[in-house]
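All values derive from a computational prediction rather than experimental measurement.
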Amino acid sequence: MISAHRRSIYCLAFMFMFHHVHGQVEKGELTAGTPVTSEIQPAETHRYTVDLKKNQFAFLRLMQKGMDVVIDVYDANGDKAGEFDSPNGQNGPEYITIHSKMKGKYRLEIRPLYKDQSPASYELGILRIGPEAATPEGRVDQLFTPWDNRASPGAAVTVAKDGTILYSKGFGLSSLEYEIPITPSTVFHIASVSKQFTVFSVLLLEKEGKLSLDDDIRNYIPEVPDFGRTITLRNLANHTSGLRDQWNLLAMAGWRLDDVITTEQILRLISRQKELNFNPGDEYLYCNTGYTLLAEVVKRVSGKSFAEFTDENIFRPLHMTNTLFYEDHEKIVKNRAYSYSPGGDHFKKSVLSYATAGATSLFTTSEDLVLWAANFDEPKVGDRDIIEKMNARGILNNGDTIGYALGQAIGSYKGLHLISHGGADAGYRSYLGRFPEQRISVAVLSNDGSFDPGSVALKIADIYMADWLTSEEAEETEVPAGKDEAAGVAVDPDTLEAYAGDYELLPGFILTISREEDRLFVRATGQPRVSLRPLSTTEFETEIEDARITFHRDGNNQVNLIRLHQGGQVMPAARIAPFDAGSVELSEYEGNYFSDELLTSYQLSVQEGKLVARHQRHSDIELKPVGVDLFSGSAWFLSQVRFLRGENREITGCSVSSGRVRNVRFEKMQ
């Protein structure tokens, strides 16, 4: 999974294929060299056509100016051929590429991502039309056309089969300040793709008899509190430990994620925790804390720094000469790409100063990564037993199998077995996908915060693996698999309306289902709204993570229950009555709240009719009432606040949750 504060970067909205689209405006035909400017209303869908010959490639750009839009592309037969929506907000470019398989008029439909946006404008134009490339290499080049310039960050991509490189190239700039181009030898921070190297290091030590995956973490790191339940190294590696996530805790404690953050600081924070999210092995919940602890185990057991151990035992034997774990934020790395995030029509520096490794912080190149991928096919480091352990899915206490193995997501894509992982830190985006039966790997690394490497990598797989792929849809793994086809399932509007409402998944954690015309959306407490896509008239899937929602009717034919299918679990959520926020007396919650676990406090006060939480290192956070003594926060790390009362009904404190952290206690100070 991707961390909660970056979750929005993978938020994809999919239009369902219905016959009627409300507010549809015909805008005419586009011609190369003649851009058009138009205003768009929140309820409108604008339609354009592009006349293409067979086997042509068209590259278009839409500049958003105050509204986040989605562009759907339909071929000459009216079948959906693509969808484009990068996570760059309401301003900045959306790039559209079309590969025409037939002659005729291709249709573009531009629609708002969210209906509650204000009217805005955009500029749309065709930047290039020409023949589609005849070779796989040429088609990949065309795929990267938006980043093939000397004005923006970009990406490096390498494709290999049987350890032999089929394609390797860089696009865009590694440094905007000095206009240094990206090449396959450019070094990127690859965020969570680092995790498989951490697990592999632990397995090397297990092979030497120095530890076991089923050992208690406290055998090696006694600073981890005794929660009354054994947390094994395997729990840490499979994200089933129940530990709270380090990034959420740090942010809640007042840290900025561009601060210098060290392993020592993380260990101190972990040592003060008093509760788990759940009993170890009961659930799957992505947790970076576990991998920081695993790297620390490697350090303590081996007697070497984590960077030294991995260099000696993995990188040098595999000739990964441009790879290292980055544990010193002041270390100079040659050929390093710096990270950027979109800022409308320009880019901004996206600062990353981590001095901790294990969950993240591997610096490497796309070409080094495919050397690593080849080791899974023919092990030069480790052995087949380690590889098989790495590729085996985790199992929960109840016997259910999860979609995550040891540092890898296990899934399929168009009928083929796919093992992959994605990563996102600051403006870095990374993805490594392996097709083990075909012995093909694809590595895509970027320094552009609006880049979706998983989607691009699978489009590359479409090019190089056309002879193996089926029409079967991609099963989503840790990074969305870039689905391009609409489900084609029509659901009656009255049925959709019956599904709308609030459903309580956990105490205080609400899933709000809303309807807009012929589409459904879901918003979890404190999280962005996400579109739902129908698989049948009762089952819908999200475009974030491997999650499905099914709707269930009772004996009176009323929809009063939904079930969330995610991570090998099925969790029921009962419908609850809408809450009257106007009935809440906000002043009752004012005061200073302190957490001993985080050694931090928030001052709550009513300002201009709103309850606001103030911390000296964060911007003010609005708390909106969503239930009895329950509030939703405007910050990702303070997404849910439940107030606690004493015997006399006075407020004594609150419990704060934020996705990967549950129920951190704050006491109200007198």
Side-chain angles (χ1 to χ4, degrees), residues 12 14-15 17 26-38 45-64 69-86 93-111 122-152 154-155 157 159 166-167 169 171-172 414 442 444 451-452 455-467 469 471 474 482-486:
L12 307 176
F14 280 74
M15 171 71 82
M17 295 182 67
E26 298 291 341
K27 303 292 289 185
E29 185 171 330
L30 295 169
T31 57
T34 308
V36 298
T37 300
S38 181
T45 295
H46 288 189
R47 295 180 60 175
Y48 294 88
T49 60
V50 179
D51 194 5
L52 296 175
K53 300 175 182 178
K54 184 178 179 180
N55 295 330
Q56 277 194 310
F57 167 75
F59 172 48
L60 302 88
R61 181 183 65 191
L62 183 146
M63 288 296 298
Q64 300 169 130
V69 301
V70 182
I71 304 97
D72 298 304
V73 176
Y74 297 87
D75 67 19
N77 285 336
D79 296 326
K80 192 168 183 180
E83 181 176 285
F84 302 88
D85 176 34
S86 62
E94 295 288 353
Y95 297 111
I96 305 110
T97 56
I98 305 174
H99 297 267
S100 60
K101 302 303 178 185
M102 63 188 74
K103 182 180 183 298
K105 293 186 182 296
Y106 284 67
R107 187 173 81 249
L108 278 69
E109 294 191 353
I110 302 166
R111 55 184 170 83
Y122 62 84
E123 182 180 272
L124 174 65
I126 300 173
L127 301 186
R128 185 183 306 176
I129 290 183
E132 183 177 47
T135 65
E137 295 80 8
R139 292 182 63 193
V140 176
D141 285 348
Q142 290 180 333
L143 183 62
F144 280 87
T145 298
W147 302 277
D148 189 10
N149 60 66
R150 297 296 298 270
S152 74
V157 56
V159 183
L166 303 178
Y167 180 97
K169 198 167 182 178
F171 301 87
K414 295 186 178 179
V442 182
V444 181
F451 192 88
D452 183 354
S455 175
V456 172
L458 293 177
K459 290 177 181 177
I460 295 171
D462 289 340
I463 294 171
Y464 277 95
M465 304 182 65
D467 293 340
L469 297 174
S471 59
K483 301 178 184 176
D484 289 329
E485 299 295 326

Which heavy atom of Ala133 sits nearest to which heavy atom of Gly138, and what is that distance? CB-C, 3.2 Å
Between Gln64 (side chain) and Glu94 (backbone), is there a donor-acceptor pair under 3.5 Å? no
For the residue pair Lys27 and Val36, establish whether any side-chain heavy-atom pair is separated by less than 4.5 Å. no
Thr49 side-chain N/O to Tyr106 backbone N/O, donor-acceptor pair under 3.5 Å: no
One should read off an interatomic distance between Leu30 CG and Leu108 CG, to the nearest 0.5 angstrom, of 6.5 Å
With side-chain contact (heavy atoms from CB on, under 4.5 Å) as the criterion, how do Val50 and Val73 come out once you've worked through the C-alpha distance, each side chain's angles and the decisive distance to 0.1 Å? CA-CA 10 Å; Val50 179; Val73 176; over 6 Å; no
Separation of His99 NE2 from Phe57 CZ (nearest 0.5 Å): 5.0 Å
Flag the pair Lys169 and Glu137 as a salt bridge only when some basic side-chain nitrogen lies within less than 4.0 angstrom of an acidic carboxylate oxygen. no
Using side-chain heavy atoms (C-beta onward) and a distance below 4.5 Å, is Val159 in contact with Ile463? no
Applying side-chain contact (heavy atoms from CB on, under 4.5 Å) to Tyr167 and Asp141, what does each step give before you reach the verdict? CA-CA 10 Å; Tyr167 180 97; Asp141 285 348; 2.5 Å; yes
Answer yes or no: is there an ion pair linking Lys101 with Glu132, defined by an N-O contact shorter than 4.0 Å? yes
Would you give the length of the straight line joining atom CG of Asp462 to atom NZ of Lys414, rounded to the nearest 0.5 angstrom? 3.5 Å
Is the shortest side-chain N to carboxylate O distance from Arg111 to Glu109 below 4.0 Å? no
Does the plane of the ring in Tyr48 sit parallel, tilted or perpendicular to the ring in Tyr122? Use 30° and 60° as the thresholds. perpendicular
Output the distance between atom CD1 (Ile96) and atom OG1 (Thr145), rounded to the nearest 0.5 Å. 12.5 Å
Scanning both residues in full, the closest heavy-atom pair of Ala76 with Lys103 reads CB-O, 3.7 Å
Quick one: does Val70's side chain get under 4.5 Å of Glu83's, heavy atoms only? yes
If you round to the nearest 0.5 Å, how far is CG of Asp51 from OG of Ser100? 10.0 Å
Closest non-hydrogen atoms of Ser86 and Pro93, given as atom of the first, atom of the second and distance, are OG-O, 3.7 Å
Pairwise side-chain contact, Val444 with Phe451, heavy-atom cut-off 4.5 Å (strictly under): yes
Would you call the rings of Trp147 and Tyr95 parallel, tilted or perpendicular, taking 30° and 60° as the class edges? perpendicular
Between Asp75 (side chain only) and Asn77 (backbone N and O only), is there a donor and an acceptor less than 3.5 Å apart? yes
Which heavy atom of Thr31 sits nearest to which heavy atom of Ile126, and what is that distance? C-CD1, 3.9 Å
To the nearest 0.5 Å, atom CE of Met465 lies from atom CG of Leu458 at 10.0 Å
Stepwise side-chain contact (heavy atoms from CB on, under 4.5 Å) test for Phe144 and Ile460: CA-CA 10 Å; Phe144 280 87; Ile460 295 171; 3.8 Å; yes
